Amino acid sequence: MKFLFIVQGEGRGHLTQAITLEEILRRNGHEVVEVLVGKSSSRRLPGFFNRSIHAPVKRFVSPNFLPTPANKRVSLMRSVAYNLMKLPVYMNSINYIRQRIKVSGADRVINFYELLTGLTYFLFRPSVPQICIGHQYLFLHKSFEFPKADKVSLALLKFFTALTSLGAKERLALSFRHMNDDPQNHIRVIPPLLRKEVTLHEPYSGDYIHGYMVNAGFSENVMKWHRKHPGIPLRFFWDKWEEEPVKRVDDTLSFYQLDDVEFLRQMAGCKAYASTAGFESVCEAMYLGKPILMVPAHIEQDCNAYDASKSGAGIISSDFSLQQLLEFAEDYHPNRDFVYWVRGAEYTLLNLLENDSSNYPQTLFNEMYLVEEFI
């Protein structure tokens with residue numbers, strides 16, 4: 001079959017999932033004819049994506065969240081105001097997505113949590129079946145447990161997630177562990193989509209802490225901790241594109257531009273991992289048996305961190321207090337069940353994606369609400 005991918009361009013999680021799924025499909029005789037990736041002024045498409053994906057990549061302007069002035073947690077009010085002003089631009093993107101679906105010749109559209117895909121299907125009802133993939137669809141699962149958080153923010157998160165999947169035939173929810181499907185909400189629970197490079201790395205325990213921050217403002221927390229503990233090596237990745245590829249602060253602290261090959265190599269040899277709780281990198285650290293400190297940057301990552309902690313992945317903090325991570329690492333035991341769960345991803349996905357579209361349940365156009373948030 002022929003597949004068209006439409007990918008949210010924020011962070012690295014959806015991008016690496018798209019790379020992984022393309023590898024699986026190509027290996028099993030299918031074709032990805034095109035990849036459409038949402039772009040914004042505050043994010044840049046990492047070089048590893050263009051190097052790894054085989055299908056032609058096209059960009060379109062897509063909504064994104066703006067960080068607070070301190071460049072740490074996401075600012076909801078600033079993001080809503082900014083994106084409302086760009087609605088005419090987003091309508092052009094919706095028309096562009098509609099056109100690419102029509103001319104691509106794809107048998108399936110795979111939507112990696114891109115809002116404008118759901119809106120395209122709501123407004124124009126393309127005939128090509130849409131299948132949504134992302135861990136966020138667990139938030140719509142009847143049995144998912146949320147952390148104690150602002151109820152309005154949680155409601156908006158669930159609403160946004162529903163919007164991304166308008167018109168979808170199926171929601172494939174990536175999960176840290178096995179859960180029963182939720183047919184009422186069209187949700188099938190599947191293992192994480194980890195790149196084969198993760199499984200090929202032989203993990204070992206080095207002397208440094210590895211990290212990733214989606215918003216560069218958290219670097220202040222890291223440097224503050226580093227000044228008090230200069231003897232502990234720290235290697236952090238960020239998306240501060242105006243800096244050099246490797247910003248070497250001193251002998252034991254360096255900040256790296258996001259490069260997936262180097263990122264995984266550093267993770268395989270680290271003592272522990274600190275992250276802003278993005279689903280993908282938490283899964284990679286769990287697979288490689290690394291203890292994790294999770295510092296959520298927005299409500300979605302609050303949910304990720306809470307769910308991962310229930311699976312024994314690590315601990316949660318409001319900042320990069322790395323002493324907590326070192327203490328947790330002393331008694332940490334890797335979750336081997338997670339490794340076996342991940343290894344079943346290819347078989348599970350192929351079984352679902354190769355299914356005849358006529359067997360899918362009815363589409364999800366009945367899930368409309370009155371509020372909107374861009375996560």
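Just so it is clear, the structure is predicted and the values come from calculations on it, not from any experiment. The residues of the chain are indexed from 1 along the displayed sequence.
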Name the residue from Thr164, Asn185, Asp182, Thr161 that meets the side chain to side chain donor-acceptor pair (under 3.5 Å) definition with Tyr137.
Thr164
Lys310 bridged to Glu145 by N-O distance under 4.0 Å:
yes
Could you point out which residue of Phe112, Tyr113, Phe5, Phe49 forms a ring pair (Phe, Tyr, Trp, His ring centres under 6.0 Å) with His14?
Tyr113
Do the side chains of Arg51 and Asp259 get close enough for a salt bridge, i.e. N-O under 4.0 angstrom?
yes
Have a look at Phe236 and tell me which of Tyr256, Phe320, Tyr212 forms a ring pair (Phe, Tyr, Trp, His ring centres under 6.0 Å) with it.
Phe320
Validation row, ring centre Tyr306 to ring centre Phe144 under 6.0 Å:
no
Does Lys247 pair with Glu244 as a salt bridge, N-O distance under 4.0 Å?
no
How would you list, by chain and number, every residue that makes a side chain to side chain donor-acceptor pair (under 3.5 Å) with Gln130, sequence neighbours excluded?
Asn111
For Phe279, enumerate each residue passing the ring pair (Phe, Tyr, Trp, His ring centres under 6.0 Å) test, keeping only those at least two apart in sequence or located in another chain.
His135, Phe176
Val128, Ile110, Leu36, Ile97 screened by side chain to side chain contact (heavy atoms under 4.5 Å, CB included) with Leu4, the one that passes:
Leu36
Does a salt bridge link Asp260 with Arg195, judged by any charged N lying under 4.0 Å from a carboxylate O?
yes
Assert yes or no for the condition that the ring centre distance of Phe263 to Phe48 is strictly below 6.0 Å.
no
Just by distance, no angles: are the side chains of Thr117 and Glu114 close enough, under 3.5 Å, to form a donor-acceptor pair?
no
Go through the side-chain N and O atoms of Arg343 and Tyr287 and say whether any donor and acceptor fall under 3.5 Å apart.
yes
Under 3.5 Å, is there a donor-acceptor pair between the Glu34 and Ser104 side chains?
no
Do any side-chain atoms of residues 329-337 form donor-acceptor pairs under 3.5 angstrom with protein atoms, and if so which ones, sequence neighbours left out?
from, atom 1, to, atom 2, distance (Å)
Asn335, OD1, Asp337, N, 3.1
Asn335, OD1, Phe338, N, 3.3
Asn335, ND2, Ser311, O, 3.2

